[in-house]
Amino acid sequence: MKIRIRSEDLENELFKLQGVVSERSTLAILSNTLLEAEDGRLTLHATDLDTSISTSCECEVLEPGKVTLQAKSLFDIVKNLEEESLELEIEDNWWAKLKSGDVSCRIVGTHPDDFPQILDTSEAEMHPIGSAVLLDMIDKTLFSVSTDDARANLTGAFFKVTDEDTLLMVSTDGHRLSKIESSPEEFDPGEETPEELREGIIIPRKGLSELQRIIDADAGELEFGFIDNHVVFRHGAMTMSVRLIEGTFPDFTQVLPNESEEKAYIQKETFLQSLKFVSLFASSKTNNARLTLSKEGLELYASDPDKGEGEKMVPVEYQGEQPVKAGYNYRYVLDALNAIDGDEISLEIIDTLSPTLIRDTERDDMLFVIMPMRL
Amino acid sequence: MRIILHVDMDAFYASIEQRERPELRGEPVIVGGSRERGVVATCSYEARPYGVHSAQPMSEALERCPDAVVVEPRMSLYAEVSSEIMEILGNYTPLVEKLSLDEAFLDMSGSRRLFGEPREMAAKIRADIQEETDLTASVGIAKNKFLAKLGSDLDKPDGVTEIPRGSEREYIAPMDVGKIWGVGPKAKQTLNELGLETIGDVAEADEAWLRSELGNFAGHIQSLARGEDERPVVADSEQKSVGSEGTLRDNISGPGPVADQLRGHCQTVARELRKKELKARGVRVKVRYDDTFSLATRQVKLPTAADDSKTLFETAKTRLSELDLSRPIRLVGAAAYDLIDADQAVQADLFASSSADQESELEHTLDAIREKFGDKIDRGES
């Protein structure tokens, strides 16, 4: 294999792979990328066996061929090149000779057959979905995906095509839940949406955070599909396949409280700053802060025997007859507020033990639920 | 004089698989990923003469040992057995530092009067582990952590090595530099290139020269090479549990009788938790089989911290189906772990029933009644 390629092109493609290649994997080959040069294109593959990315760019193929090279170090090398183009030639022992201007180096490589089989996604039926919409859905749910391996079914976001042909994404770690339902203009459910997508799939955190890292919100077209227990995302020349989490996502519809009549309306920024202030007094063991809603406003309070206590009153619009209060892990509240783009939020505290709801008053497509702490 | 023990389980994952599946005993067993592209996590001693070792690509391992039985790792099971072993170690000293699922350091400096000479301590610990878990461990005994860890590797499996006091440096001098803690394949290569092949070479090397070659790393490995290591054994914080178990007069089998026993133990555990003003975030169930004397345990996290027997029992009971209850069982037990102060604010769970609070209150009331009228009262079967 021998190619001539623009340094910047190669750097851009290698960047996309960095999240899935691991230097710490027990399987050394997984820190490599498989390079394939053919028909005027260079295709690169990387995988951690659960998330796989294939991407390609144009190049001058002087001699077609394949090789695997250490992805991180190749990226570091290419990033530091000053010349506009580089030449890569594979020697008989699978080492790569790289030349660019007055730089020349030899990089250890291995036989392409050492690389694991990459899932063939060409048969997957793809559905267009705007990249801005999908990234927004990820942005609103990723933070509440569970990191607890003991609840494996919660370590990904639940994603489904609803009966109304909208897209639903929900995540929960058992303590809080985020839900967003979108109907992007670009989306076309196609003739026959796979049964799995209608019932809902669980997409692991890693795949979602990688999409967020790689894809630009104004990048436009993005497609998704389903094949062989994997969800597939395609964006230009990049294809990502993510092995789905097996198991059943809990029936969250059962635990969502009905929309309350007695909402409080609060300026988001004021809420955020006030909560950050009282959190200075929250116990670092429990992160507990108490919110009380009454006609006087929203009272935020936290205390810790080792620190003292802090309190702040925020004016709110609240119609409830009786004051209601509950304690929360303030970080969960901050996370939800930070996920909201609008200026005003609504807060529904039902009682000390029931799930509390937070919404963006400008958007009824999403909902954040937080369970209180019991004292 | 410090007495440090390093306890290292032998072929931990593979041995557990052999214990759980008796048909694998005596067979070469490889625990690891799938046949095509996995890697060996560990292998039983039967597989080692073939040249199989951990971190080897599975394809290569199977080329070397085609008859090996490949088993997918069951990490949650290994974690359960691990916590059982750590509990056993905790009976000997509060200073237990868990390095990974299958190895730990014990600082036994203050335990001589209780457990005798270091070799006797090691023998008792190994016997306990063998009896409780049906697994073998190798133990290294020395004046510090590095030497103890080195020792446990010298007579594997099922062995004890005490690094002789006073002549540690001479004892380890002929060993390969790769045996120094923290020296991996890369560092070993660097050292070899400097002409340092044995631990003794590193110990004798000129300090200034070694520092100029290796930087700050030099001082660290040179002290180790000289058998010096002052790092203390740092006990894991609050690794406690509350348990109750009992050997039965007659063996039982079947889900019903086992559940009855479990309920009783959960009541005892819950009462103990309330007495100590603690709540548990996890519960463990264990049974010992009469035919093989082997112990099986399952543990499960509680959706929210609890101190009532109903929550403990209902949660623990869900794991019974994963145990073989058709065999004769001689012991049933329950334990609550991951304990927190009862008055600590507890995060509620979206998907858990909110009844635990009421249950807790009810049982607190029962405690008070018992206090007054004696022990002959419990919750019954509901």
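Computed from heavy atoms alone, side chains included, the values below leave out hydrogens, waters and symmetry copies. Lettering of chains follows the sequences in order, A, B, ..., and the numbering in each one begins at 1. Since this is a predicted model, take the numbers as computed values, not measurements.
- Using a 4.5 Å heavy-atom cutoff, the side chains of B/T304 and A/R374 are in contact.
- Contact of A/R151 with chain B is made through the side chain alone, with heavy-atom distances under 4.5 Å.
- For A/N93, the CG atom is densely surrounded, since the number of other residues' heavy atoms within 6.0 Å is greater than 12.
- Surrounding CZ of A/R331 are at most 12 heavy atoms belonging to other residues, nucleotides or ligands under 6.0 Å away.
- Neither the backbone nor the side chain of A/S354 comes within contact range of chain B, judged by heavy atoms closer than 4.5 Å.
- Contacts between A/D148 and chain B at a heavy-atom distance below 4.5 Å involve the side chain alone, from C-beta outward.
- In A/K307, the NZ atom is crowded: over 12 heavy atoms of neighbouring residues, nucleotides or ligands sit closer than 6.0 Å.
- Crowding of A/K66 atom NZ: a count of heavy atoms from other residues, nucleotides or ligands under 6.0 Å not exceeding 12.
- Residue B/K188 places its NZ atom among more than 12 non-hydrogen atoms of other residues, nucleotides or ligands, all under 6.0 Å distant.
- At a 4.5 Å heavy-atom cutoff, A/Y328 makes no contact with chain B through either its backbone or its side chain.
- B/V39 pairs with exactly one of A/L27, A/I29, A/L30 by the side chain to side chain contact (heavy atoms under 4.5 Å, CB included) rule, that one being A/L27.
- Among all heavy-atom pairs drawn from A/L177 and B/F351, the shortest one is CD1-CZ, 4.5 Å.
- When all heavy atoms of B/A345 and A/T286 are compared, the closest pair comes out as O-CG2, 3.9 Å.
- Contact of the A/H175 side chain with the B/L350 side chain is not registered, since no non-hydrogen atoms from C-beta on lie closer than 4.5 Å.
- Sparse packing is recorded around NZ of B/K179, with 12 or fewer heavy atoms of other residues, nucleotides or ligands lying under 6.0 Å away.
- Counted within 6.0 Å of OH on B/Y45, heavy atoms from surrounding residues, nucleotides or ligands total more than 12; the atom is thus considered enclosed.
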